[in-house]
Amino acid sequence: MSIAGKRMLLLGVYGMEMVECGGALHKNVMAGGVSHASILFAGSKMREGLEKSAAILGCSIEYLGMDTGTISASLEEKMQLVRVIRSFRPDVIITQDPEHCISDLDPGRRPAMTLILEAMALAGRDFGLDQMPDLKPHRHFSVYYMTPEHPNCLVDIASAWEKKCEAMDVLETQLEFIAELAEGTEEEKQYTQLIPGFSKMETRLERGRAMKRLMDQAYHLYFGSTGHNHVLLSENYRKDGMFVFEQLI
């Protein structure tokens with residue numbers, strides 16, 4: 001089934017989320033749509049990799065410069081995020097899963113979720129019109145939660161898989177961190193068994209790339225290939241609200 005491109009906005013908490021949703025974002029661009037990522041938290045080193053990833057995926061990207069320790073869904077932060085939504089006027093918004101973020105111990109995820117939900121609600125109301133008179137309210141968008149605890153839809157990313165992997169490979173700071181976390185652990189020994197030549201890899205970056213590729217392959221195979229869903233490589237999402245069809249498909 002051929003689908004026309006949309007205006008697709010990722011409200012990302014951390015920068016890697018752009019690549020985690022890279023299949024959907026890239027396929028949208030390939031269908032003639034526009035994909036844009038707005039990232040709450042990303043340090044200067046991470047931004048270098050994200051710029052390269054965005055170019056590979058065909059996305060535009062911006063950084064909101066918020067702080068993981070001080071984010072509080074303040075009036076200023078709400079205004080900042082509402083401006084993003086009203087400026088881009090998306091058909092589709094992708095963001096983190098409200099269920100998953102509660103138990104995820106990345107700092108800032110919980111207050112970021114409150115901020116994002118409030119901003120999506122306020123973007124379509126008579127909020128902040130005096131401060132941004134050039135931007136009209138915008139409420140007509142679908143919301144999808146990425147990598148959710150309870151997915152209800154899959155996106156076939158087979159045609160975007162190589163681009164997604166290429167975009168992940170240039171996030172060097174994050175990949176080195178993944179390898180560092182595993183050093184000296186039982187987990188590292190298991191990677192040696194699962195990844196050919198792992199013990200001979202000399203740098204954290206080389207090991208991190210191999211580890212993340214294995215993780216991603218396992219994750220993106222799981223929901224489709226083991227669930228009788230007639231798709232091999234997929235990204236999983238949860239649509240907020242009901243699906244509405246003209247007819248059953």
Quick one about Ser234 and Asp156 (side-chain donor to acceptor, distance below 3.5 Å, no hydrogens or angles considered), yes or no? no
Please list all pairs meeting salt bridge (Lys or Arg N to Asp or Glu O under 4.0 Å) that have one or both residues in residues 169-181, counting only residues at least two apart or in different chains. Asp169-Arg213, Glu172-Arg209, Glu180-Arg204
Counterpart residues, ring-ring contact (aromatic ring centres under 6.0 Å, His included), relative to His220 (two or more places apart): Trp161
Please collect all ring pair (Phe, Tyr, Trp, His ring centres under 6.0 Å) contacts where either partner lies in residues 63-116, sequence neighbours excluded, each pair once. His36-Phe88
Side-chain heavy atoms under 4.5 Å apart, restricted to Ile/Leu/Val/Met/Phe/Trp/Tyr: what other residues fall into the cluster of Leu105, or is it alone? none
Using side chain to side chain contact (heavy atoms under 4.5 Å, CB included) as the criterion, list what pairs up with Ala37, not counting sequence neighbours. Leu10, Met18, Ile39, Ile61
For Tyr14, the ring-ring contact (aromatic ring centres under 6.0 Å, His included) test, sequence neighbours excluded, returns Phe41
Which residues pass the side chain to side chain contact (heavy atoms under 4.5 Å, CB included) test with Leu221, not counting sequence neighbours? Gln217, Ser225, Leu232, Leu233
Tracing side-chain contacts under 4.5 Å among Ile, Leu, Val, Met, Phe, Trp and Tyr outward from Ile56 reaches Val170
Going by the rule ring-ring contact (aromatic ring centres under 6.0 Å, His included), which residues pair with Tyr219 if we only count those two or more places apart in sequence or in a different chain? Phe223
So the ring pair (Phe, Tyr, Trp, His ring centres under 6.0 Å) pairs with at least one residue in residues 108-134 (sequence neighbours excluded) are none
Could you pull out all residues at least two apart from Ser87 that satisfy side chain to side chain contact (heavy atoms under 4.5 Å, CB included)? Arg83, Leu135
Not counting sequence neighbours, which residues clear salt bridge (charged side-chain N to carboxylate O under 4.0 Å, His left out) with Asp91? List them please. none
